[in-house]
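A short write-up of the structure that comes next.
Below, read A as the first sequence line, B as the second, and so on, with proteins coming before strands; counting in each chain starts at 1.
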Protein chains: 2
Amino acid sequence: MAKTRRELAREEVMSQILELGREHLAVHGAAALSLRAVARDLGMVSSAVYRYVPSRDALLTLLIVEAYDRLGLVVEQAEAKVDRADLLDRFLVTAHTVRTWALTHPYEYALIYGSPVPGYAAPESTIGPASRVPVVLLGILRDCPEPALGRGRLDPVVHSALAPLATDAADGIPETLTARGLASWATLLGSISLEVFGHLTNVIASGPKARKAFFDHQMREVALGLGLA
Amino acid sequence: MAKTRRELAREEVMSQILELGREHLAVHGAAALSLRAVARDLGMVSSAVYRYVPSRDALLTLLIVEAYDRLGLVVEQAEAKVDRADLLDRFLVTAHTVRTWALTHPYEYALIYGSPVPGYAAPESTIGPASRVPVVLLGILRDCPEPALGRGRLDPVVHSALAPLATDAADGIPETLTARGLASWATLLGSISLEVFGHLTNVIASGPKARKAFFDHQMREVALGLGLA
DNA sequence: CAATATAGAGAGCACTGCTCTTGAAATGCA
DNA sequence: TGCATTTCAAGAGCAGTGCTCTCTATATTG
């Protein structure tokens with residue numbers, strides 16, 4: 001599989017484009033991401049980068065995938081280090097890892113969990129990376145010893161609404177628990193979004209310690225509702 | 001208080017700018033909101049609108065305030081119609097009203113609860129309108145007959161983290177309940193954001209009926225956790 | 001070596017936010 | 001009422017954007 005000199009150069013330039021794009025995104029935000037600016041930083045003329053990336057939105061999509069993957073990776077690694085039997089800690093570590101990543105990469109977080117980009121249409125390529133964190137959470141639920149919670153039945157309409165998840169990624173998990181897991185995911189993202197997007201001003205004390213302690217408290221309550229204790 | 005002809009004209013033009021801005025926002029999204037475009041629709045040259053609005057971001061801020069106010073109004077009106085003693089229904093009506101508004105005004109919703117606009121710094125003028133919905137929710141909590149939940153004590157760090165809210169808008173509500181209320185708010189916004197921003201694909205069946213039923217189920221569980229039953 | 005495919009440069013179009021200047025109209029004051 | 005002042009809208013212009021097209025130098029392939 002000898003790569004020609006041109007192919008190597010192409011890969012090199014491509015990864016530079018992604019790297020510079022990620023930097024611009026991290027520093028100035030998605031709205032300010034300019035193909036011409038990355039071209040300048042690359043020492044290229046703007047029209048040349050169109051040989052590599054078909055449009056600005058396409059570059060943004062690549063960066064979305066990258067963001068999902070980076071977040072997914074750090075979460076997977078952090079959660080894997082926890083004792084498998086300690087369900088509570090597995091959940092808390094997962095939650096805190098997502099939050100910490102969001103606070104240190106606010107623009108990347110906004111890109112994937114905030115408002116979708118204007119001409120957005122989440123392409124196939126994002127669904128895999130996007131589900132890495134949810135998969136970790138479902139893994140925790142799967143290890144639950146099926147307590148009191150597991151036995152209930154869902155309303156038929158709710159049951160069939162949940163079918164796509166229940167028959168796929170959440171296979172083998174009691175559906176009442178799956179539903180609660182989804183609510184927990186909403187609480188997790190909602191809490192982080194409130195904080196990252198500035199909706200906790202005059203609500204929660206602004207110090208990092210206070211913010212973290214409050215988030216921890218919220219997540220412990222969520223874990224309690226999930227039966228992880 | 002006789003208004004001069006010029007003052008009247010100014011108010012008229014100003015409200016037209018807001019109206020057209022809101023339309024553009026609703027149709028094409030915040031990223032596509034262009035001062036020049038609203039100037040065109042207004043039959044004006046672009047530089048003329050700068051007599052009324054200092055910048056594009058300023059117009060966006062005005063639209064943010066308007067969006068908060070419109071959402072706040074419909075929620076207040078809907079919740080006010082419910083029997084005061086029926087706490088569960090007051091909560092459910094509030095939640096569903098927010099969700100319905102978000103689904104029918106996705107760009108406005110994204111503007112206020114999605115990623116903040118690039119050069120954003122929530123000005124004083126937004127904090128009042130932004131708190132209308134939370135105030136409605138706190139009103140429901142305030143009418144709770146203080147069940148088992150109300151008596152607990154919070155960890156000191158969590159207690160002081162919660163101080164800004166607890167000593168102001170949530171005055172008179174047991175702090176454990178206030179904390180859970182905030183988590184409920186996060187779940188509410190998180191669930192709606194997941195749906196509006198397209199994160200429920202392949203998770204919850206895509207029909208409006210299924211989506212609504214699932215949201216209703218989630219909110220009933222939240223209400224249960226809040227002790228509204 | 002010759003034919004082809006590709007990378008990059010350059011010019012150009014239509015659009016954006018925003019500033020500055022210029023002429024016209026409405027206003028306040030004597 | 002008549003005049004000075006304030007305000008409005010228009011026009012031109014600057015710097016930036018996404019994107020397309022053409023052209024040349026180079027790398028690859030037959």
Set of ring-ring contact (aromatic ring centres under 6.0 Å, His included) partners for A:H105, sequence neighbours left out = A:W101
Partners passing side chain to side chain contact (heavy atoms under 4.5 Å, CB included) against [X] (at least two apart in sequence or in another chain):
X: B:S160; result: none
X: A:S55; result: A:D57, A:A58
X: B:Y50; result: B:L35

Could you state the OH-P distance from A:Y50 to D:dC19, rounded to the nearest angstrom?
-> 4 Å
If you restrict it to nitrogen or oxygen atoms, what contacts under 3.5 Å exist between nucleotides 22-27 of chain D and the protein, and what is each distance?
residue	atom	partner	partner atom	Å
D:dA27	O4'	A:R6	NH1	3.4

Decide if atom NE2 of B:H159 counts as having more than 12 heavy atoms of other residues, nucleotides or ligands within a radius under 6.0 Å.
-> no
Among residues at least two apart in sequence or on other chains, which ones pass salt bridge (charged side-chain N to carboxylate O under 4.0 Å, His left out) with [X]?
X: B:E195; value: B:R99
X: B:D69; value: B:R132
X: B:R22; value: B:E19, B:E66

Extract, from 5' to 3' on DNA chain C, the first and final nucleotides lying under 4.0 angstrom from some heavy atom of chain A.
-> C:dA5 to C:dG12
Just call it for A:S55: base, sugar-phosphate, or nothing, with non-hydrogen atoms closer than 4.0 Å on any strand.
-> sugar-phosphate
Look at all strands and tell whether B:S47 reaches a base, only sugar-phosphate, or nothing, counting heavy atoms closer than 4.0 Å.
-> base
With sequence neighbours excluded, tell me which residues meet side-chain hydrogen bond (donor to acceptor under 3.5 Å, both in side chains) with A:D41.
-> A:H24
Just jot down the side-chain hydrogen bond (donor to acceptor under 3.5 Å, both in side chains) partners of B:R220, sequence neighbours excluded, or say none.
-> B:D216
Assess whether one donor atom and one acceptor atom, taken from the side chain of A:R36 and the base of D:dG18, lie less than 3.5 Å apart.
-> yes
Residues in contact with DNA chain C, drawn from residues 8-25 of chain A - heavy-atom cutoff 4.0 Å = A:R10
